[in-house]
Structures are given as C-alpha cells and as structure tokens.
Amino acid sequence: MSDHTAHGLRALVAAFLDTHDPDGDRLGFLRARFDAGLAWVQHPPGRGGLGAPPQLQAVVDDAFAAAGAPDNRPRRNSIGLGMAAPTLLRHASDAQCRRWLRPLWTGEEVWCQLFSEPDAGSDLASLRTRAVPDDDDWIIDGQKVWTSLAHEARWAILLARTDPAAPKHHGITYFVCDMTAPGVQVRPLRQATGEAEFNEVFLTGVRVPDAHRVGAVGQGWQIARTTLMNERVAIGGRPLPREGGMVGVLARLWRERPELRTAGLHDEVLRAWVGAEAARLAALRLRQLIAAGEPGPEGSAVKLSFAELSQRISGLEVELRGAEGLRHDDWTMRRPTEPDLLGRTATYRYLRARGNSIEGGTSEILRSIIAERVLGLPTEPRVDR
C-alpha cells in the first residue's frame with residue numbers, strides 16, 4: 001500500500017529519479033512520470049495519480065523542480081490542463097481518459113475551447129452550432145469565436161446543439177473535436193495590441209465520432225458548468241508570490257522612478273497594491289478549497305477581482321509613466337500562445353487588460369452569479385425560463 005504522506009511521496013519521487021534521468025529524453029521522462037501516478041497525485045491510478053490527498057501535489061512538484069526535472073510547460077497548454085482535464089476526469093469514460101489524459105498532461109497534444117459564438121457569448125446556452133447524428137458520427141456545422149490556441153490545438157472541447165426543440169439549456173451536448181479534421185477552419189482575430197492571440201473557428205460538415213461525445217446526449221450544459229468553473233479559477237486564481245504579476249511591475253516602477261511620483265498617485269498605487277495582495281490571498285484560499293472538492297461559484301469572484309485589478313493597475317502604470325507610457329513598442333501581427341504581460345510595454349498591458357473583463361465570463365455575468373449563488377439574492381426574471 002502506498003504511503004500517501006509528504007515523506008512517502010518524496011520517497012516515491014526519489015525512487016523515480018533513480019531510474020529516470022531528468023536530463024535525458026524530456027518526453028519520455030514526462031510520460032513515465034504520468035504512468036507512475038506523479039502527474040496529478042490526487043487522481044486515481046491509471047489517470048496520472050495515486051489517489052493521494054490533493055494538497056500533496058505541491059510536495060511532488062517541488063521535489064521534481066529541486067532535481068531540475070522538466071515540467072510540462074503548463075502555460076503552453078493552459079486550456080487543456082486548466083479546463084479540459086478537470087472536465088474529462090469528472091465526466092469522460094475510462095476509454096476517453098486513457099486516450100486523452102496522458103498526451104494532454106505531457107503537452108504532446110494542445111487543447112482549445114469551442115464554446116463562445118458571435119451570438120452566444122455571455123448567454124452561452126443560446127448557441128446555434130448544430131450537431132446532427134449520422135450513423136456512428138455527428139455532423140457539426142457552426143461558428144465559434146474568441147478561441148485561444150485554436151491555431152496550435154490538436155483537440156477542442158466543443159458544445160453543440162443536438163435538440164433544437166428542447167429548452168436551450170437541455171438541448172446541448174458536449175463533444176471533443178479533432179482540430180485537424182476536414183471542415184475545421186481557423187482564422188486569426190487581430191486585437192488592439194496588434195497580435196492575434198484569439199481565433200474564430202468555422203465548422204463545416206465536420207464529422208465527430210460518437211465515441212468522442214462526453215456524457216449523455218443533452219447533458220452538455222451540466223458538463224460545461226464544470227469547465228466554466230475551472231476556467232474562472234484558471235484565469236483568476238493562478239498561484240502568485242507577493243508582488244507577482246502586473247502589480248509587481250507597478251511597484252518596481254514606483255520604487256525605481258521617484259521623479260514620476262505624485263501625492264495623488266501614491267494613494268492610488270497603495271490601494272492597488274493592497275487590492276492585489278487581498279486578491280492573491282483570496283485566490284490562494286480558493287485553491288485550498290478546490291483541493292478539498294469541486295470549484296464552486298466563488299471562482300467567479302476571484303476572476304472578477306482579477307479582471308478589475310488588471311485594468312486598474314495597467315491604467316495606473318500608463319498614468320504614472322506620463323508621455324512615455326503612451327508609446328507602443330510593436331504592432332506586428334503575431335499569433336502567440338499566451339499574452340506577454342510582463343515582457344512588453346505599458347501600452348501592451350493596458351490594451352490587453354481590456355479583454356480580462358470579457359474572457360472567461362464577462363464581469364456582468366460573474367456579478368449575477370455571485371449575487372445569486374454566493375449571496376443568495378433573488379434571481380433576475382428570465383423569459384427563456
């Protein structure tokens with residue numbers, strides 16, 4: 001029987017490192033780590049875990065990092081690790097988990113999310129992409145938008161309407177779509193930053209095997225809620241050290257450029273610093289709650305505060321820098337896998353932060369979730385119900 005304690009897991013990592021060279025074949029090392037149950041220790045054996053308490057994941061990660069072992073480059077596959085994997089682990093079949101989880105965790109296969117549509121963003125349940133059965137396949141037609149990583153992804157989690165006659169929350173089914181399949185077209189969406197970090201995806205007669213359907217037909221909305229709750233935590237609840245992220249850029253600028261300071265801005269910078277520290281601690285607490293179970297509506301509050309703080313801090317940096325803060329370094333058309341918030345100019349951070357209140361659920365929708373599901377306030381009247 002495995003010793004599911006910090007000491008026992010450190011011993012497991014040490015034994016693993018005795019037989020697997022961290023400086024050798026990177027991919028082979030990561031595959032072996034998954035097979036040994038040292039990828040997601042809280043998950044069952046065979047799915048990258050050992051059935052250990054989730055808080056021990058940090059013990060394993062720290063032990064591998066101390067040995068100089070390669071990681072799975074989590075920021076390159078943030079949607080796969082932060083949204084697809086928790087959904088598959090909760091709702092997918094054993095065969096689906098065996099096929100998808102290991103290459104997802106090792107980073108061999110990047111994932112994206114085909115949820116939002118031009119007319120179904122905040123009201124996602126009104127989506128129009130159709131899936132029609134055809135023998136053992138489904139034929140999918142529609143358009144998705146604001147899709148991060150679609151230009152690099154191998155797989156996509158996809159919502160499509162399978163019963164147009166049912167109430168909108170009940171006629172949706174959850175699929176995994178092959179992004180290399182005929183009929184999938186990805187086009188870049190250029191942003192105010194100059195980059196095309198997002199994409200729009202057109203699906204024309206795309207065949208998806210029924211074996212790639214996750215859950216029952218019509219159960220898509222319930223499964224999607226798992227994805228959406230994890231998405232908000234993935235965006236707003238990332239673990240950060242004190243003065244991590246954009247507030248660190250602002251704090252360093254304040255300390256290193258005393259000639260830019262004013263009394264009014266001193267008050268604003270201090271308030272932003274306190275807000276960022278409070279949000280960091282709230283996100284840390286949320287991650288501890290998640291370690292004990294499923295993410296709940298509290299993730300909406302963390303994501304909401306992240307969006308508001310990012311916009312406030314980036315605006316303060318531009319204001320503090322004065323004229324130099326208005327210079328944009330580069331408007332070259334690129335298709336990055338993630339925003340470079342710390343390596344670019346103040347204008348880049350300011351422009352990119354505008355999207356924080358839209359992606360992962362608009363701030364308006366998140367306020368409604370917090371009001372209804374956290375504070376217990378009466379729900380707003382809704383005609384569709």
Separation between CG of N356 and CG of L309, rounded to the nearest 0.5 Å: 10.5 Å
Listed partners of W254 passing ring-ring contact (aromatic ring centres under 6.0 Å, His included), at least two apart: H266
Interatomic distance, E308 atom CD to L304 atom CG [nearest 0.5 angstrom]: 4.5 Å
Donor-acceptor pair between Q311 and Y350 side chains, under 3.5 angstrom: no
Interatomic distance, I313 atom CD1 to L341 atom CG [nearest 0.5 angstrom]: 11.0 Å
Any side-chain heavy-atom pair of E338 and R76 under 4.5 Å: no
Presence of salt bridge, E109 and R99, under 4.0 angstrom: yes
Electrostatic pair D267:R271 at N-O distance under 4.0 angstrom: yes
Can you give each donor-acceptor pair under 3.5 Å made by side-chain atoms of residues 209-219, sequence neighbours left out, with the distance rounded to 0.1 Å?
unit_1 : atom_1 : unit_2 : atom_2 : d
D210   : OD1    : W138   : NE1    : 2.8
D210   : OD1    : R213   : NE     : 2.8
D210   : OD1    : R213   : NH2    : 3.3
D210   : OD2    : R213   : NH2    : 3.0
R213   : NH1    : G215   : O      : 2.6
Q219   : OE1    : A216   : N      : 2.9

Salt-bridge present (R10, D62; N to O < 4.0 Å): no
Nearest-0.5 Å distance, CG of residue L124 to CD1 of residue I365: 10.0 Å
Salt-bridge contact R352-E197 (side-chain N to carboxylate O under 4.0 Å): yes
Pairwise distance CG(L189) to OG1(T147) - rounded to 0.5 angstrom: 8.0 Å
Heavy-atom check, side chain of E108 versus side chain of R154, under 4.5 Å: no
Side-chain donor or acceptor of R90 paired with backbone N/O of T226 under 3.5 Å: no
Residue pair L351 / Q191, side-chain heavy-atom distance below 4.5 Å: no
4.5 Å side-chain heavy-atom contact, V41 and P54: no
Flag if over 12 foreign heavy atoms under 6.0 Å of CG, D18: yes
Carboxylate-amine/guanidinium proximity below 4.0 Å for D330 and R344: no
Reference residue E243; test salt bridge (Lys or Arg N to Asp or Glu O under 4.0 Å); the match among R252, R280, R255: R255
Side chain D134, main chain D137, donor-acceptor under 3.5 Å: no
Any side-chain heavy-atom pair of F115 and L127 under 4.5 Å: no
Pairing of D61 and R33 as salt bridge, 4.0 angstrom limit: yes
Aromatic contact, F34 with F29 (centres under 6.0 Å): no
Steps toward side chain to side chain contact (heavy atoms under 4.5 Å, CB included) verdict (W331, R190): CA-CA 10 Å; W331 210 66; R190 198 172 191 191; 3.2 Å; yes
Point-to-point distance, once rounded to the nearest 0.5 Å, from CG of L101 to CG of L89: 5.0 Å
Any donor-acceptor N or O pair under 3.5 Å, side chains T173, T162: yes
Parallel, tilted or perpendicular: ring planes of H43 versus W40, cut at 30 and 60 degrees: perpendicular
Test item: side-chain donor near acceptor, Q113 and S148, under 3.5 Å: no
Electrostatic pair E317-R321, nearest N-O below 4.0 angstrom: yes
K168/D123 ion pair, N-O < 4.0 Å: yes
Presence of salt bridge, E324 and R257, under 4.0 angstrom: yes
Test log, rule side chain to side chain contact (heavy atoms under 4.5 Å, CB included), inputs E200 and Q143: CA-CA 7 Å; E200 54 184 347; Q143 180 185 355; 3.2 Å; yes
